[in-house]
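Some notes on the structure that comes next.
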Amino acid sequence: QRAEMQRTYLAAIRERRGWTGEYRIHHPDGREVWVHDETTFVTDENGNPLFLQGVMYDVTERKHAEQALREVLAAAPAASEPNRLLGAVRVQAGDWAGALPHLEAALAADPGLAEARFHRGWCLYRLERYDEAWADIEAAAKLQINADVPKLAGLIAYRRQQLEVS
């Protein structure tokens with residue numbers, strides 16, 4: 001894990017782009033702590049990098065919750081609720097591709113889960129799979145309307161229109 005994090009971090013620096021990762025560190029008191037790390041370049045008016053700026057925050061509780069959900073899923077892999085929850089946690093973490101298998105398993109067990117349908121649509125949108133995202137948002141809108149469904153529908157419609165024009 002450490003070598004892969006270093007490789008992707010150094011590649012981001014060489015390419016002068018932002019980087020995001022999650023990894024474990026050892027706290028001075030001996031505890032193992034999971035952190036979410038985001039780094040970006042701050043540039044001058046000409047786009048030349050001045051320095052790296054980043055933020056790190058503790059995601060240990062979320063990682064423990066994910067592990068507990070994985071253990072529940074191992075005991076009952078077709079269960080919709082643990083899959084829905086783990087999918088939602090991965091969505092909140094920005095892991096769009098990682099959330100999809102859990103959301104799809106939850107929907108296979110219970111196609112009427114509006115929140116899982118919405119989260120799947122959001123993941124597909126972020127992965128630029130707009131037609132699939134649109135189908136999920138239409139289904140989510142039929143199952144349950146909340147303020148986020150029309151917003152996401154508008155974003156997807158805009159992206160689909162951009163693709164048709166280009």
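Below, all heavy atoms of this structure are taken into account, side chains as well, without hydrogens, waters or symmetry copies. Residue numbers start at 1 and run along the sequence shown.
Between E38 atom CD and T20 atom OG1 the span is 4.5 Å, to the nearest 0.5 Å. Taking CD1 from I25 and CZ from R2, the interatomic distance works out to 11.0 Å, rounded to the nearest 0.5 Å. Here CG of L124 is found 10.5 Å from CG of D131. Values are rounded to the nearest 0.5 Å.
Within the 4.5 Å cutoff, side-chain heavy atoms of L113 are placed close to those of L107. Proximity of W96 to W122: side-chain heavy atoms (C-beta onward) are separated by under 4.5 Å at one or more points. Residues V59 and V35 have side chains not in contact (no heavy-atom distance under 4.5 Å, counting atoms from C-beta outward). A heavy-atom distance below 4.5 Å is not found between the side chains of T39 and V55. With a 4.5 Å cut-off on side-chain heavy atoms, E22 and K63 count as touching.
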TODO: Please report the C-alpha distance between E132 and I137 in whole Å, then the side-chain angles of each, then the deciding distance to 0.1 Å, and finally whether the side chain to side chain contact (heavy atoms under 4.5 Å, CB included) criterion is met.
DONE: CA-CA 9 Å; E132 293 171 84; I137 293 308; over 6 Å; no
- Query: What do the steps show when you test L52 against I13 for side chain to side chain contact (heavy atoms under 4.5 Å, CB included), and what is the final call?
  - Reply: CA-CA 9 Å; L52 286 169; I13 289 174; 4.0 Å; yes
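Annotation for A133 and G121: closest pair CB-O, 3.4 Å, computed over non-hydrogen atoms. The heavy-atom pair separating A99 from C123 by the smallest distance is CB-SG, 3.7 Å. Counting all heavy atoms, side chain and backbone alike, G18 lies closest to A12 at O-CB, 3.8 Å. Between H102 and G87 the shortest heavy-atom distance is CB-N, 3.7 Å. Residues P101 and G98 come closest through the heavy atom pair CD-O, 3.4 Å. Between M56 and D37, the shortest heavy-atom distance links the atoms CE-OD2, 3.5 Å.
Residues satisfying the side chain to side chain contact (heavy atoms under 4.5 Å, CB included) criterion with A139, sequence neighbours excluded, are R117. Remark: E45 engages no residue in a side chain to side chain contact (heavy atoms under 4.5 Å, CB included) (not counting sequence neighbours). Residues passing the side chain to side chain contact (heavy atoms under 4.5 Å, CB included) test with A11, sequence neighbours excluded: R14, E15, R17. Residues meeting the salt bridge (charged side-chain N to carboxylate O under 4.0 Å, His left out) test with R126, sequence neighbours left out: none.
Under the 3.5 Å distance criterion, the side-chain polar atoms of D44 are matched with a main-chain donor or acceptor of N46.
Screening residues 94-112 for salt bridge (charged side-chain N to carboxylate O under 4.0 Å, His left out) gives R90-D95, E104-R120 as the qualifying pairs, with residues at least two apart or on separate chains. Sorted by first and then second residue, the ring-ring contact (aromatic ring centres under 6.0 Å, His included) pairs with a member in residues 22-62 read H36-Y57; sequence neighbours excluded.
By the neighbour-count criterion of 12 heavy atoms within 6.0 Å, atom CD of E61 is sparsely surrounded, having that number or fewer from other residues, nucleotides or ligands.
Ring geometry for Y9 against W19 counts as perpendicular: the plane angle is over 60°, on a 0 to 90° scale with 30° as the lower cut.
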